[in-house]
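Some notes on the structure that comes next.
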Amino acid sequence: MRVMTTKSKNAESFYITKSFKNNAGKSTSKIVRKLGTLRELSEMLGTDRDGVMAWAREQARIETEKYKADKEQQLVQITFHADRHLDYNRQKLYEGGYLFLQSVYYKLRLDKVCRKIRDKHSFEYDLNAVLSDLIYTRILDPDSKRSSFQSAQRFLESPTYQLHDIYRALGVLAEESDLIQAEAYKNSSFLGKRNDRVLYYDCTNYYFEIEQEDGQKRYGKSKEHRPNPIVQMGLFTDGDGIPLAFSLFPGNQNEQTSVKPLEKKILKDFRCEKFVYCSDAGLGSENNRVFNHMGQRAFIVTQSIKKLPKEERDWALEHTEFRDVKNDAPADFDKLGNENEDALYYKEIPYTTKRLHQRLIVTYSPKYAAYQKQIRQKQIERAQSMIRSGSAKRQSKNPNDPARFIQKIAVTKDGEVAEKQSYCLNSAKIEEEAQYDGFYAVCTDLLDDPVSDILRVSEGRWQIEADFRMMKTDFSARPVFVRREDRIQAHFLICFLSLMIFKFLERELANRYTCEQMLDTLRSMNFADIEEQGFMPLYTRQTITDDLHNACGFRTDFQFISKSKMLQIQKFSKGR
């Protein structure tokens with residue numbers, strides 16, 4: 001708005017006007033407010049014409065601010081006709097939960113990574129659009145690539161590519177998988193400091209609904225106990241459980257050999273050289289410990305007490321030398337748990353092998369001991385039931401099979417061969433397992449760090465297990481439906497990036513909500529197209545939706561959102 005003056009024979013009048021375009025598209029103006037004549041305003045303000053003009057311009061500024069505020073709060077009137085049918089093939093419902101994922105995607109600069117890849121290859125499709133939509137649909141509506149393409153068409157921003165472009169892009173994504181992982185790690189600094197001084201490593205596997213082995217799809221020990229070929233994944237996460245890097249290897253390969261190749265890639269491509277390697281006992285072989293004893297690296301790995309040399313094992317199970325982790329005070333083992341069953345106790349000794357100087361830390365938890373005893377008692381009851389029903393034969397090598405507590409009686413009390421075999425509980429086996437109740441051990445080459453800090457790092461391994469569970473269950477990463485090796489790599493790259501983006505969004509919300517709460521909220525954030533004038537939110541506003549909006553810096557929870565406003569929100573979610 002601006003100030004306009006008109007002069008007559010007797011007076012000069014001051015007005016505030018506003019410019020606009022009429023229906024013909026021509027610029028015109030209208031008077032918003034008459035301020036008064038020069039004489040009236042001079043007497044009122046006690047100043048000359050220059051002072052009056054300065055005052056008038058300030059009034060114009062105030063009117064402009066008021067207009068902008070009113071415009072944001074203006075009422076929208078839309079006419080509906082009770083006798084008019086809907087238009088054919090016109091979409092009315094749109095999904096908008098992806099906007100919050102999009103905010104993280106662009107903060108990771110993955111669009112720039114796609115442009116870098118485009119410069120190396122010769123293709124015309126929009127790789128950034130394909131990759132981003134595959135990630136959003138993997139989180140919000142996980143399914144096949146064809147179904148993901150259909151799901152993306154329900155987004156507020158529909159795909160600008162074709163289905164065949166997705167399959168072409170998978171090959172490129174597989175070829176550039178290492179680059180994308182390294183760039184995503186580097187760009188994650190834009191989302192805040194990462195806890196990369198501790199790196200957790202673990203492996204899992206994913207099955208294919210096929211019968212013939214092919215490529216990396218090999219028969220191995222399936223985590224789901226399925227008789228299908230599998231491919232294995234090794235995953236590094238940081239200390240907060242946010243993915244760092246992954247690799248795939250054949251289903252019949254020993255998982256211990258997967259650590260070094262992926263870790264070497266992190267050292268070379270990620271420039272991440274100072275960290276503590278933490279894993280379970282299955283991935284804490286002496287070779288892996290020695291490798292992580294080099295340079296600025298260290299290790300904290302779970303140690304199986306049963307696999308310790310006899311001297312160390314006997315020491316670990318002795319009820320002596322224990323101290324309270326909390327205050328380092330000596331503890332009487334026979335009284336442990338009487339006052340506080342949540343307490344944790346430890347003892348340690350140097351544990352030297354031919355290649356390493358380590359610390360062996362053994363802990364005892366009364367609460368964990370009670371839990372293990374309860375679980376074993378239920379297994380014993382099942383074993384007794386198996387004996388009574390005559391089905392006492394062990395069905396599998398599963399270490400938790402209740403049949404392990406059953407022994408076969410092949411001789412009589414007199415030492416004669418029994419005519420008929422019978423079964424009974426193996427009390428020796430039960431006692432052997434009971435002696436390990438509550439005990440847990442770790443080995444580390446951190447010789448001077450406090451025990452409480454070492455145990456805290458080791459206890460954080462649950463995060464990577466939760467990540468695997470999220471990928472398999474919430475993001476439906478298995479069964480895997482693609483068959484070509486490059487497309488398998490691309491499939492897991494998309495799952496990996498989806499997990500990374502979702503975990504960063506969780507962190508933006510200070511981890512106040514569970515995975516299920518966040519997914520249910522994002523998947524419910526739908527919008528109705530209102531006669532092509534704008535959009536009406538159809539979700540319920542809650543504390544979690546407020547937190548999502550505050551974390552991402554935009555809001556979609558107005559009663560009505562004009563099309564121009566929605567375009568602004570979309571641009572803002574892309575950091576533009």
Side-chain angles (χ1 to χ4, degrees), residues 65 68-76 91-111 128-129 132-133 135-141 151-152 154-158 187-193 240-242 470 474-475 497-530 533-576:
E65 294 297 326
K68 289 181 179 179
D70 290 343
K71 186 177 181 181
E72 291 181 356
Q73 300 176 9
Q74 65 182 345
L75 297 176
V76 179
Q91 186 174 344
K92 300 290 290 183
L93 184 66
Y94 292 86
E95 297 177 7
Y98 78 94
L99 291 170
F100 303 93
L101 304 171
Q102 185 164 265
S103 176
V104 180
Y105 177 93
Y106 277 85
K107 286 177 182 176
L108 285 171
R109 307 293 197 271
L110 291 175
D111 57 322
N128 178 56
S132 58
D133 282 351
I135 290 173
Y136 306 154
T137 53
R138 176 57 51 185
I139 297 173
L140 299 176
D141 189 14
S151 297
R154 297 194 293 269
F155 291 165
L156 289 163
E157 301 166 273
S158 59
N187 295 338
S188 64
S189 61
F190 293 109
L191 288 156
K193 184 174 177 57
D240 296 325
I242 299 176
M470 189 183 301
D474 299 303
F475 299 166
L497 293 173
S498 300
L499 179 62
M500 175 184 284
I501 287 172
F502 189 82
K503 295 291 287 186
F504 271 121
L505 186 58
E506 276 189 329
R507 194 175 77 169
E508 290 292 313
L509 272 63
N511 297 304
R512 287 191 294 269
Y513 304 99
T514 65
C515 173
E516 290 76 14
Q517 288 175 317
M518 289 185 61
L519 287 175
D520 289 345
T521 301
L522 292 172
R523 290 168 180 173
S524 70
M525 300 187 82
N526 297 324
F527 297 82
D529 176 15
I530 306 299
Q533 300 300 308
F535 301 92
M536 178 181 293
L538 300 180
Y539 60 88
T540 303
R541 182 184 176 189
Q542 305 173 73
T543 302
I544 186 172
T545 59
D546 285 348
D547 289 342
L548 280 168
H549 287 119
N550 293 334
C552 296
F554 59 83
R555 302 201 72 89
T556 64
D557 51 358
F558 299 105
Q559 293 181 356
F560 181 82
I561 305 172
S562 66
K563 283 202 165 184
S564 60
K565 182 65 175 178
M566 185 60 81
L567 287 174
Q568 292 177 13
I569 293 172
Q570 292 165 7
K571 289 181 179 179
F572 189 90
S573 69
K574 298 176 182 178
R576 298 172 184 167

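All figures in this text were calculated on a predicted structure; none of them were measured in a lab. Side chains included, hydrogens not; waters and symmetry mates left out as well; all remaining heavy atoms used.
- Between R555 and D546, some side-chain heavy-atom pair lies under the 4.5 Å cut-off.
- When atom types are taken as modelled, the side chain of K107 and the backbone of L191 share no donor-acceptor pair closer than 3.5 angstrom.
- The backbone N or O of A129 sits less than 3.5 Å from a side-chain atom of S132, completing a donor-acceptor pair.
- Within a 6.0 Å sphere centred on CD of E516, other residues, nucleotides and ligands contribute more than 12 heavy atoms.
- With respect to the salt-bridge test (charged N to carboxylate O, under 4.0 angstrom), the residues D240 and K503 do not qualify.
- Between atom CD of residue Q570 and atom CZ of residue F155 there is a gap of 12.0 Å, rounded to the nearest 0.5 Å.
- In summary, the aromatic rings of F527 and F535 are positioned with their centroids too far apart to meet the 6.0 Å limit.
- Salt bridge absent: D141 and R523 never bring a charged side-chain N and a carboxylate O closer than 4.0 Å.
- A cation-pi contact, defined as under 6.0 Å to the ring centre and within 45° of the axis, is absent between R154 and Y94.
- Looking at R138, its side chain does come within 3.5 Å of a backbone N or O of F475 through a donor-acceptor pair.
- Once rounded to the nearest 0.5 Å, the distance linking OG1 of T137 with CD of E95 reads 10.0 Å.
- The side-chain heavy atoms of L548 and L522, taken from C-beta on, include a pair separated by under 4.5 Å.
- Within the 4.5 Å cutoff, no side-chain heavy atoms of S103 are placed close to those of E508.
- Summarising the geometry of M518 relative to E506, their closest heavy-atom pair is SD-CG, 3.3 Å, with the distance given to 0.1 Å.
- Between M525 and T556 there is a side-chain heavy-atom pair separated by less than 4.5 Å.
- One finds the CG atom of L567 at 11.5 Å from the CD1 atom of I561 (value rounded to the nearest 0.5 Å).
- The distance from the CG atom of L519 to the CD atom of Q517 is 10.5 Å, given to the nearest 0.5 Å.
- Under a 3.5 Å cut-off, the side chain of Q91 and the backbone N or O of L93 do form a donor-acceptor pair.
- Using a distance-only test at 3.5 Å, with no hydrogens or angles considered, a donor-acceptor pair links the side chain of N187 to the main chain of L108.
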Could you walk me through whether D557 and Y539 pass the side-chain contact (heavy atoms from CB on, under 4.5 Å) check?
CA-CA 9 Å; D557 51 358; Y539 60 88; 3.4 Å; yes
Report task. Run the numbers on S573 and Y106 for side-chain contact (heavy atoms from CB on, under 4.5 Å), then give the verdict. Result -> CA-CA 8 Å; S573 69; Y106 277 85; over 6 Å; no
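- Within the 4.5 Å cutoff, side-chain heavy atoms of S498 are placed close to those of I135.
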Quick one, Y105 with N128, criterion side-chain contact (heavy atoms from CB on, under 4.5 Å). Give me CA distance, side-chain angles, the key distance, then yes/no. CA-CA 10 Å; Y105 177 93; N128 178 56; 2.7 Å; yes
Derivation and outcome, side-chain contact (heavy atoms from CB on, under 4.5 Å), residues L509 and N550: CA-CA 9 Å; L509 272 63; N550 293 334; over 6 Å; no
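- T521 has its side chain out of reach of Y513: every pair of non-hydrogen atoms, C-beta onward, lies at least 4.5 Å apart.
- Between the T545 side chain and the R541 main chain, no donor and acceptor come within less than 3.5 Å of each other.
- Under the 4.5 Å side-chain criterion, counting only non-hydrogen atoms from C-beta, L99 is in contact with E157.
- Under the 4.5 Å side-chain criterion, counting only non-hydrogen atoms from C-beta, F504 is not in contact with I501.
- With sequence neighbours excluded, the residues satisfying side chain to side chain contact (heavy atoms under 4.5 Å, CB included) with F572 are F554.
- Formation of a donor-acceptor pair under 3.5 Å by the Q533 side chain with backbone atoms of I530 is not found in this model.
- Closest of all the heavy-atom pairs between G96 and L156 is CA-CD1, 3.9 Å.
- Enclosure of atom NZ in K563 by more than 12 non-hydrogen atoms of other residues, nucleotides or ligands within 6.0 angstrom is indicated.
- For the atom pair CE of M566 and CG of D529, the computed distance is 10.0 Å after rounding to the nearest 0.5 Å.
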